[in-house]
S.K.: 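Before we start, here is the structure in question, set down as structure tokens.
Heavy-atom basis, side chains included; hydrogens, waters and symmetry copies ignored. To find a chain, count down the sequence lines: A is the first, B the second, and so on, and within it residues start at 1. Keep in mind the model is a prediction, meaning the values are calculated, not measured.
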2 protein chains.
Amino acid sequence: MREFYTITELTREFGVSTRTLRFYEDEGLISPVRRGRTRLFRPGDRHLIKQIMRGKRLGFSIAEIREIVQMYKEPPGEAGQMRAIVDRVEEKRAELRQKRKDIEETLAELDQVEENCLNRLAELRVAS
Amino acid sequence: MREFYTITELTREFGVSTRTLRFYEDEGLISPVRRGRTRLFRPGDRHLIKQIMRGKRLGFSIAEIREIVQMYKEPPGEAGQMRAIVDRVEEKRAELRQKRKDIEETLAELDQVEENCLNRLAELRVAS
DNA sequence: AAAAATTCTTACGTAAAAGTCAATTGCGCG
DNA sequence: CGCGCAATTGACTTTTACGTAAGAATTTTT
């Protein structure tokens with residue numbers, strides 16, 4: 001595993017622009033180290049970007065993604081804070097389960113669409 | 001089942017504004033009938049709105065949602081068009097499966113977070 | 001019938017998430 | 001050393017998905 005990645009390496013890997021990665025840094029989602037002014041991305045930053053992209057595909061806003069990745073990062077603290085995190089984890093899980101349900105329903109309806117099309121195609125073949 | 005719904009009935013049901021439903025009409029997602037200038041929403045329109053909300057929760061853009069609901073609406077046409085629809089259905093399904101995978105992965109990581117928290121809480125109880 | 005509520009159209013405003021452009025700055029190398 | 005390429009910051013622009021406000025028409029309630 002490599003120690004550092006340049007910004008353009010990661011833009012290519014994830015199909016985003018440099019502007020986007022700098023924007024995520026401004027937004028506090030990633031914190032690459034610097035050599036002079038140049039950003040150096042470590043494997044941990046790369047993994048964070050992977051998580052950000054997942055969040056984006058699921059339609060989470062930057063603010064929501066920040067909430068999620070902060071839960072991953074949160075250092076072990078005192079009991080009250082631990083319980084607060086457990087609660088927030090459960091909230092996010094509920095959201096994700098809703099999304100999964102939405103996906104199942106949409107897939108089912110698309111199955112319907114496809115079946116209708118295939119039936120129609122079969123009819124056309126008989127008619128000709 | 002009722003024949004018509006007013007716009008505010010549906011805004012309440014779906015938790016959106018009248019502006020939003022009118023916007024969706026402008027965007028060609030729904031086409032309520034009119035009595036004079038007033039919109040009357042039929043059960044079919046209501047179901048469409050349900051599908052739109054699902055698409056929104058999944059992070060699809062209006063343009064993508066339009067593509068999806070147009071597949072539902074497309075009237076049986078000729079063979080070439082049927083096959084084109086089948087292809088587009090398969091594309092959307094691939095997208096949805098990706099999203100589902102993203103959800104599973106995020107859920108797994110949240111499980112990790114929770115487990116860490118619970119372990120930490122157990123430790124705190126022992127230490128005290 | 002008058003008042004109140006709902007709906008309509010039109011138009012301008014805005015927040016989020018980048019895109020685009022300009023003007024540097026630093027690095028490897030022939 | 002000078003060239004070119006990659007990286008940086010900063011500012012302005014764009015797109016999407018509505019919000020908001022104004023003013024007129026219609027419908028409903030009292």
S.K.: To the nearest angstrom, how far is B:Leu21 atom CG from C:dT7 atom P?
M.R.: 11 Å
S.K.: Looking at A:Arg93 and A:Glu90, is there a salt bridge between them, counting it only when a charged N and a carboxylate O are closer than 4.0 Å?
M.R.: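 Yes, A:Glu90 and A:Arg93 are salt-bridged.
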S.K.: A:Arg83: which residues meet the salt bridge (Lys or Arg N to Asp or Glu O under 4.0 Å) condition with it, sequence neighbours left out?
M.R.: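 Result, salt bridge (Lys or Arg N to Asp or Glu O under 4.0 Å) vs A:Arg83: none returned.
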S.K.: Strictly under 3.5 Å: I want the nitrogen or oxygen pairs between protein and nucleotides 22-30 of chain D, one per line.
M.R.:
none

S.K.: Could you run down the sub-3.5 Å N/O contacts of the protein with nucleotides 11-16 of chain C?
M.R.:
none

S.K.: In this structure, how many angstroms lie between the C1' atom of D:dT16 and the CD atom of B:Glu27, rounded?
M.R.: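 Computing the B:Glu27:CD to D:dT16:C1' distance gives 9 Å.
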S.K.: Rounded to the nearest Å, what distance is computed from the OH atom of residue A:Tyr5 to the P atom of nucleotide D:dA7?
M.R.: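 It works out to 16 Å between those atoms.
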S.K.: Could you pull out all residues at least two apart from B:Arg34 that satisfy side-chain contact (heavy atoms from CB on, under 4.5 Å)?
M.R.: B:Glu25, B:Arg39
S.K.: If the condition is salt bridge (Lys or Arg N to Asp or Glu O under 4.0 Å), which residues does A:Arg37 pass it with, not counting sequence neighbours?
M.R.: none
S.K.: Using whole Å, report how far CZ of B:Phe41 lies from P of C:dT6.
M.R.: 16 Å
S.K.: Using the side-chain heavy atoms of B:Thr6, tell me which of these nucleotides is nearest: C:dT9, C:dA18, C:dT7.
M.R.: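 Ranking C:dT9, C:dA18, C:dT7 by closest atom to the B:Thr6 side chain puts C:dT7 first.
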S.K.: Roughly how many Å is it from CZ in B:Arg34 to C1' in C:dT7, rounded to a whole number?
M.R.: 10 Å
S.K.: Rounding to an integer number of Å, can you tell me how far B:Arg22 CZ sits from C:dT9 P?
M.R.: 7 Å
S.K.: Just how far, in rounded Å, is P of C:dA18 from CD1 of A:Ile49?
M.R.: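 Atom-to-atom, A:Ile49 to C:dA18, this comes out as 13 Å.
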S.K.: Between D:dA7 atom C1' and A:Arg12 atom CZ, what is the distance in whole Å?
M.R.: 13 Å
S.K.: Under 4.0 Å, counting only non-hydrogen atoms across every strand here, what does B:Thr8 touch: a base, just sugar-phosphate, or nothing?
M.R.: sugar-phosphate
S.K.: Is there a side-chain contact between B:Leu107 and B:Ile103, using heavy atoms and a 4.5 Å cut-off?
M.R.: yes
S.K.: For A:Arg2, enumerate each residue passing the salt bridge (Lys or Arg N to Asp or Glu O under 4.0 Å) test, keeping only those at least two apart in sequence or located in another chain.
M.R.: A:Glu9
S.K.: With a 3.5 Å cut-off and sequence neighbours excluded, list the donor-acceptor pairs that the side chains of residues 52-65 of chain B form with protein atoms.
M.R.:
{"unit_1": "B:Arg54", "atom_1": "NH1", "unit_2": "A:Glu105", "atom_2": "OE1", "d": "3.3"}
{"unit_1": "B:Arg54", "atom_1": "NH2", "unit_2": "A:Glu109", "atom_2": "OE1", "d": "2.6"}
{"unit_1": "B:Arg57", "atom_1": "NE", "unit_2": "A:Asp102", "atom_2": "OD2", "d": "2.7"}
{"unit_1": "B:Arg57", "atom_1": "NH2", "unit_2": "A:Asp102", "atom_2": "OD1", "d": "2.8"}
{"unit_1": "B:Ser61", "atom_1": "OG", "unit_2": "B:Ala63", "atom_2": "N", "d": "3.4"}
{"unit_1": "B:Ser61", "atom_1": "OG", "unit_2": "B:Glu64", "atom_2": "N", "d": "3.2"}
{"unit_1": "B:Ser61", "atom_1": "OG", "unit_2": "B:Glu64", "atom_2": "OE1", "d": "3.4"}
{"unit_1": "B:Glu64", "atom_1": "OE1", "unit_2": "B:Ser61", "atom_2": "N", "d": "2.8"}

S.K.: If you link ILVMFWY side chains whenever their heavy atoms are less than 4.5 Å apart, which other residues fall into the same cluster as A:Leu40? By chain and number, please.
M.R.: A:Phe4, A:Val33
S.K.: Among residues at least two apart in sequence or on other chains, which ones pass salt bridge (Lys or Arg N to Asp or Glu O under 4.0 Å) with A:Glu115?
M.R.: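 Counting only residues at least two positions away or on another chain, A:Glu115 forms no salt bridge (Lys or Arg N to Asp or Glu O under 4.0 Å).
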